[in-house]
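The sequence lines fix the lettering, A, B, ..., with proteins before strands; numbering per chain opens at 1. Atoms considered below: every heavy atom in the structure, side chains included; atoms not considered: hydrogens, waters and symmetry mates. Computed from a predicted model, the values in this text were never measured in an experiment.
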Amino acid sequence: MQHAVIFPILVPLITGALLLLPPLQASVNKRRALGGLGLLLLLLSACYGLWQSAGGVQNFYLLGNWPAPFGIVLLQDKVSAIFVLLSTVLACCCWLYSLAGEDERGAYFQPLLQFLLMGIHGAFLTADLFNLFVFFEVLLISSYGLLLHGGGKGRTKAALHYVLLNLLGSALFLLALALLYAMLGSLNMQDMALRISSLAPQQVLIVKAAAGLLLLVFGLKAALLPLHFWLPAAYANASASVAAMFAVMTKVGVYCVMRVFGSLFGDNAAELAGFGRDLLWIAGLATMLLAAVGVVAAQHLKLLVAYLVLLSAGSLLATLALGHTGAVAAVLYYSLHSTLVAAALFLLADLIAAQRGTVQDRLVAGRPLQQAWPLGVLFVIAALAVVGMPPLSGFVAKIWLMQAATDLHSRIALWSVLLFCSLLVLIALTRAGSTLFWRVKAQAVTAQRADAVQFAAVFLLLLASPLLVLFGEPVMQFCVEAATQLQFLPNVRAVGGP
Amino acid sequence: MSTLLWIVVLPLLASIFVTAARQWQRSYLALAVAAFPALALLLLLPSAAAIFSGEVLRYQVQWLPLIGLNFSLHLDGLSFLFSLLILCIGLLVILYARYYLSAQDSMARFYAFLMLFMFAMLGVVLSGNLLQMWFFWELTSISSFLLISFWSQQGDARKGARMALTVTAAGGLALLAGIVLLGQITGSYELSVVLTQTEQLQQHAAYPVVLALVLLGAFTKSAQFPFHFWLPNAMAAPTPVSAYLHSATMVKAGIFLLARLYPLLSGTELWFLAVTLAGLTTLLVGAYFALFQHDLKGLLAYSTISHLGLITLLLGLDTDLAAVAAIFHVINHAIFKASLFMAAGIIDHETGSRDMRKINGLWKYMPVTATLAMVASASMAGVPLLNGFLSKEMFFTQTLHQGVLGSLSWLIPLLATVAAIFAVAYSARFIHDVFFNGEPIGLSKTPHEPPRYMRVPMEILVALCVLVGVFPQWFIGDLLSQAAVAVLGSAAPEYSLALWHGLNIPLLMSVLALAGGIVLYINRKHLFVFQAGFAEQPAIYRFENVLQRFVQRCRSLTAAIDNGRYQRFAGLMLVLVLWLCGAPLLELASLQGNRPALPLDMLVLAGAAILCIAAIATVLTIRQRLLSLVMISVVGLMVSLAFVRFSAPDLALTQLSVEVVTVVLLMLALYFLPHKSVKQSSPGHLVRDLALATGVGVVIGSLAFAMLTQQTDTISDYFLQNAKTGGGGTNVVNVILVDFRGFDTLGEITVLGIAALGIFKMLTGIPRFMSGADGEGRRWALDSHPLLLAVVSQALLPLALLVSVYIFFRGHNMPGGGFVAGLITAVAMILQYVAQGVDWVKPRLKVEYSTLISLGILCATITGLASWLFERPFLTSWFDYFDLPLVGTVELASAMAFDLGVYLTVVGSTLLILANLGKVTTRYRPVHKEQS
Amino acid sequence: MELVMAIVIGVLTSCGVLLVLRAHTFAVVLGLTMLSYAVNLFIFASGGLTAGKGAVLGVTDIYADPLPQALVLTAIVIGFAMTAFLVILAIRARAELGNDHVDGHSGSRQQQESRF
Amino acid sequence: MNFINTLLPTPARSLLLFVVWLLLNNSVAPIHLIVAAVLAVLIPQLTAPFRDPQPPIRRWGLALRYIGRVLLDIVLANLQVIKLVLGPNKNLRPGFVLVPLAITEALPLTILAGTVSLTPGTVSAEILPYQLHENSAKPKFLLLHVLDLQNEAELIASIKQRYEQPLKEIFQC
Amino acid sequence: MLNQIVLIAMIGIGIALLLNLWALLRGPSVPDRLLALDTMYINSIALLLCYGIYAASSLHFEAALLIAMLGFVSTVAVCKFMLRGDIIE
Amino acid sequence: MTWLEWIIALLVIAGTLFVLLGSVALIKLPDFYTRLHGPTKATTLGLGSLVLASMVFFNFIEQQLNLQQLLIALFLFISAPVTAYMLIKAGLHQKLAPTAGTQQQELMKQRDKLAKGE
Ligand code: NA
Ligand code: NA
């Protein structure tokens, strides 16, 4: 099973390609079956990957059997295994949700979802900076297609902005790559990290410029202020399971900051060590504040959830800027929690909107929900989790983030911002919940009842939250180990070297 | 000590149980629910012996040690007392609620929430870990939110619940910060450890912060001034909820917290001052406003605020006995206030109103209830022989023995007396205005006694008022002393619980209060008139207004920042580029590096000039779109030539072929877009953009120069050395593409394929929008498929295919490859579309483009997978040379199969995009009259 | 020669940026195309300029750095895919929103609110 | 014969492909000959649907001669154009000319128009009427733009005689 | 000597390209400019041929061939656009 | 220089001159229709002689069989007339004004009628 490392990339790739063949084009059920089978295989391989990485070894996969750092290398460690599993679980739930009919509301939903996963997993697994760019593009182009799924003006408009900004971002990424290659002469992140300590002073400055560009690019992906512009509209307009799936997209940006900046500008990077932390810190906190304000301001539920995603991205990056292992571990845990819960909220918003007639998910009085009781319970659970109230994972995550701040200044800044934002989110969510569920204006009309698979998808996503608390100890322990492993850079030149 | 665990968990089980058993008959349901806390009580009581002998019972399970959160239970005198209150009063409330709730109310839901709350409350008081305590603390907020908003159809209930949650959760967040800080200072969150670190904490610089944060938590929860406003509005809750939460439990959680951390936090000037002042103010404010409430429950709510202030004040006084008095009053207040709330509930239930201006003279209709309520009120007023009197006496005594405010300390007993006068007055009002004072006005039903068992809880509580009042030592002596030990962290001070301590100042104060209260009540009219002068909006509206204004602010802020303008954010991004790249450049001593420069030649200069001029011309002609398209084609051509000049033939080929497809694409797009655009940028806007553009250009150009003049040792030599021997090709660029970095290429063709799919998606169902004439208003020409073009394009197709094959096969060794070959094929096919139209091509083409994409990707992937058969990683290449008779040496390489995948994907994607776009444009073509 | 290359890259970037900041999708598309020219040249330049004869073995003895060339090739293809997508998206936006403004609304409103 | 017809439905096209492949590879090595042959068969088969039926070349010798004549005309006439282009613009006598057509088949007509365009002094502008659909009237006129129009009739005659007539013969139409 | 002559020829073609650019910028009509662009394509082929002789390398042949084939397609496409608005119908 | 080199030189110079001529024509001639003649012919011819030069060079000087360049000429000779045809069609469609002395301008207008077969 030496090839297991690459499964998370190849399984969706092959599934996606097969889904385009004529026999599958003709039949909805076959498409769904194949899509599901692909996800199942993916889930198995993600679990296997996690199990494999739990042994503590960093698995390299030398593509084309070329020695590192010349060929492209995949790196499977605990961090990437966690994220791969996260996105796979998320995808399974989104896929499940989409079976209620959303997947057929436009062409190519199933293959695009698979390709998106391929891109995301590629970004998580690759140890090559240019390959990372390629996978970024894979995930972006799939996300463009998915964002437009279902059609409509709002989606088109949001997609236009999303695509434009990301194209700019891609250009910047390439500039950064070129500069780094020119200065370091390599594309393998670990190899670059080895080379970075022996730069001439003039080159250091050029690398600094490149690092700035990279920060911009990852910041754009992670929706860091002021590069967050695309996020609220895109997420709020995407169709439900797509929006839910997108919950992991900002985490890709966070992951890249963690991985790339962690290795390139780690402790042995001489004067470049810790590059960008100050910026991330300020921008992360600002993002949190803006996001919280956005959460309060949001006039419909999906937009509110979109700002919640923004808030979590800000929290993650600000915490990451603290720069120590504990902070990274907390970030990992928080990523798991926030991704799944935000996804559940997106799906819930859709279910709620579907039963409220013309007012949809707008936060105004509307007709009573057909299934107020189950939806209400799920909403309360999700809200508690996202606000960071016990007994769900949010509070553990929040406490851990807070504990990550250990010096006076970071405590003052992070805690006050984090807690203030929590309060705003609480206010907003209680307002939203009481409006949606309690402020009933018109008479009940028989609306479309939510499908069982939809409930199942939301339930599964939300189930993760209590599980993360109940089995918090092993999960957190794993996060700590992963963070520690991330700090420790493998010598890639020793792998299959000439 | 897993009994501790059961005590906590049983109510949770009850909550789960009741959700499952929601179809049960109401009485059975109530009984079944009551069984759980009853059992918990049975489990708790046996530990009394141990507790009274000074033991502390613990139960600990490792939970999340990484953040210091363990499941840790801690039963000492204080928690025993509170648990007892919670369980006993909880049981009474369950019984009471059985009769209180109407048939429409979901009893199961009510009990589920109530039990959840009980679980949370028990968790708070039994917590042995601060983080865990916070966990339950927040759970009380949540469950109380659910309980207050039980009648969610009423706006007041929703708003009241939200307000309560907002205030208490805000406090909870502060408390969390306090606890985490405390944990970081003391190194643990375990009570048993933390409570021993008093000195370390109080000498720490952050002690004031910790204190402030913890007090914020406690004060919001216990409705201390200025956070008291949520409590009266929480009266929208069903009365059993008030009887439980707002007398004995939830609001006491803050008090409990103060008591719990008393050994750790108290003893400092800061503590005394902050707690005393908050308590004193709350005591006065609550007592004063209670008098003016017309709502029965409103009166009780303000009275509760006042009593909570009293207890807080006691905890702030610098004597040990004050703490004992505080605990004592916690018990007494719980007892009499719970019974009073129940009375209010009964009255509400039987009269349909809580407005004291309407309900009068109930003595006639419900004498038993009235008697009970009057006794409880008397206890609240501090009438001797009742429990309220005792603790109030102790309170008065302690106000006389403190020195918290220094030279102003005499104010405290004075103000305490004033508050007591008001307390007597509002208690008197409760009795007189409800049970006497003439006949009821405009009630919807004729009042009568409640069902027998609805009164039982009240009877029990009132009996306790009397019993404790008369035999205090016997009833609660041990309880109190052990609780006091827990609070003080040391042996309890000497005190005596007795009815009669002789003639002393406290007694005088009591008498004064009673007399003054009666006088005040009798003359209340004047005071009411005076107070009416300050008529204010109710807190709930003020709070909602503030919130509404805040939301509006947030909206305008969000709208101002996230204004939906692409230009702003693109601009910002570029400003960041300028800053992040420009700043390091400014530090650079010289851009020039160590690499020897190539000599300049005229041709390159001419080419560069053409390129730059064309680029600028593109910008200048941007409003005549066709023209700018022509201009940018020149740029593309020159870039390709530059690639040729600087030794990159592969790039030139690719750039050229991509260029053509892009132009075709843009032409198709122009059909939909307006051919000309109106000017939209103001001059200022333009100048700013120009400056930004120049800046970014200069920065990127400088970086390019700095980069170009730097010599670096790269990994490229490896590729040059191994391309032939390891990759089997002499065109190193191509070998990199299909072999060394074949994985990139696989991703790249996937991108292309996905783009085509996405485009197909966008094109299906695109609304019609196109122009019937060109930019100058000319109608379109008639000749849709010029003859000459048609014939030539047909002739070119086989030639182009041949060239594709040629380019494809030579790619591995010479410039070329699958990508360029694919584009040539695609362009040749596009030419067929251009020359003869979709209707001509479509029937002649048997293959689906999406299938081509799929086959292409699969072909490349399977080629990569094939290496698994040889136990090599994905994409490991294989090649060999074969000597064939007649033919000579032939090279076969897996890279060719890979490249075939590239070829197929490129053809499929390009054609899927362009052919479908073409179809769309034609579908919406307005039909000319002449043509039909 | 290096200076000329740098200037060309700079000019292309400037023009690209200026176009990218326009209000019409078409201009932005051209701007991004222009930027991608600049970027491609930039990547290409990261291997240094060589006036030799390419990276084909046996043809010459001075080789250009092949890796940046391969990277540019990938970048060109991806850039093409993205541009194509954007172009169609622009068409769709025009069709659905009724105009070709990047923010999807008409020019008159834009003029009043054109603030950075 | 039948076999050859199905294998090589368009021999001219196959021949062209065969030659071009060898030209492309600059080689007559056995491997290239084999590949050229395979492609010369395969590609025409593959592209057969994309080809409207055209009259076949009947007289190969004449066709070669035609090519030679056109090449010569191109060179010679270009020398005249030098004068026209470099001389003052006022000496130019441009004009439009309508040439009535005798051939109507698509391929010969295309070659005729192409030849006219390649030979200096004239550019084919339109083939009239347009072939908008299958029932359109056959082409009747070739509209030319002439750089230096001295004698319209002479020009028309020369085109018909030098180019149209041989083409008619080559394709026997 | 031959190299010198070819170099001069290349500069001549460079001048031709500059002239094309002038024509392109001058216009006045779009067909005029398109004509200039097309000429530029052809002149580039000429340049590549000379460069081939100059560098004694046939590596650039494909680029020239491609310009010959593809430059034509884009010119035709623009013409078709001017005529019909729609290049693929 | 050998005589072969002289031939190459001659062909190169001739080719370049024709190429230049075509480009000069583009600038100098008075209207679109006349300008069209320059590039379609002169440039094509110029390219033809450059192709020839290149072929001589590679086959005889470099001593390698190299006839690929012929293909360039072939493609050009096929495509140039079509390009010119499409361009002039576009020009006529846009009713670009011919220079003052142009004879039989009325044919431009008649074109529409003739096009429909009337
Ligand atoms: Na009354
Ligand atoms: Na069309």
- Where does Val70(D) contact chain F at under 4.5 Å (heavy atoms): side chain, backbone, both or neither? neither

- Contact part of Leu92(F) toward chain D, heavy-atom cut-off under 4.5 Å: side chain, backbone, both or neither? side chain

- Leu86(D) versus chain F, the contacting section by heavy-atom distance below 4.5 Å: both

- Would one find more than 12 heavy atoms of other residues, nucleotides or ligands at under 6.0 Å from atom CZ of Phe50(D)? yes

- Task: Applying side chain to side chain contact (heavy atoms under 4.5 Å, CB included), name anything that partners Leu79(D), two or more places apart in sequence or on another chain.
- Result: Ile82(D), Phe18(F)

- Message: Show, in sequence, the C-alpha distance, side-chain angles and deciding distance for Leu17(D) and Leu39(D), and conclude whether the side chain to side chain contact (heavy atoms under 4.5 Å, CB included) test is met.
- Response: CA-CA 7 Å; Leu17(D) 292 176; Leu39(D) 290 174; 6.0 Å; no

- With respect to chain D, which residue among Pro30(F), Gly22(F), Gly101(F), Ala84(F) yields the maximal number of heavy-atom pairs within a distance under 4.5 Å? Pro30(F)

- Residue Leu143(D) versus chain F: region with a heavy atom under 4.5 Å: side chain

Using only the distance criterion (under 3.5 Å, no hydrogens considered), which donor-acceptor pairs connect chain F with chain D?
residue, atom, partner, partner atom, Å
Lys28(F), O, Asn89(D), ND2, 2.9
Lys28(F), NZ, Val85(D), O, 2.6
Lys28(F), NZ, Gly87(D), O, 2.4
Lys28(F), NZ, Asn89(D), OD1, 2.7
His37(F), NE2, His145(D), ND1, 3.0
Lys41(F), NZ, Thr122(D), O, 2.9
Asn66(F), OD1, Asn26(D), ND2, 3.2
Leu67(F), N, Asn26(D), OD1, 2.6
Gln68(F), N, Asn26(D), OD1, 3.4
Gln68(F), NE2, Leu24(D), O, 2.7
Lys89(F), NZ, Glu126(D), OE1, 2.8
Gln103(F), N, Pro94(D), O, 2.8
Gln103(F), O, Phe96(D), N, 2.9
Gln103(F), NE2, Arg93(D), O, 3.2
Gln103(F), NE2, Leu149(D), O, 3.1
Gln104(F), NE2, Phe96(D), O, 3.2
Gln104(F), NE2, Glu152(D), OE1, 2.7
Gln104(F), NE2, Glu152(D), OE2, 3.1
Arg111(F), NH1, Glu126(D), OE2, 2.6
Arg111(F), NH1, Tyr130(D), OH, 3.3
Ala115(F), O, Tyr130(D), N, 2.9

- Roughly how far, to the nearest 0.5 Å, is CG of Leu70(F) from CG of Leu23(D)? 6.0 Å

- Nearest 0.5 Å, what's the CG-CG distance between Leu29(F) and Leu84(D)? 9.0 Å

- For Leu107(D) and Phe171(D), what are the C-alpha separation, side-chain angles and deciding distance, and is it a side chain to side chain contact (heavy atoms under 4.5 Å, CB included)? CA-CA 9 Å; Leu107(D) 182 62; Phe171(D) 289 96; 3.7 Å; yes

- From CD1 (Ile159(D)) to CG (Leu112(D)), nearest 0.5 Å: 7.5 Å

- Item | Which atoms of Met108(F) approach chain D - backbone, side chain, both or neither, heavy atom under 4.5 Å | side chain

- Message: Please classify the contact between Ala137(D) and chain F as side chain, backbone, both or neither, with a heavy-atom cut-off of under 4.5 Å.
- Response: neither

- Item | Nearest-0.5 Å distance, CD1 of residue Ile111(D) to CD1 of residue Ile57(D) | 6.5 Å

- Message: Quick check for you: to the nearest 0.5 Å, what is the distance between Phe141(D) atom CZ and Leu128(D) atom CG?
- Response: 8.0 Å

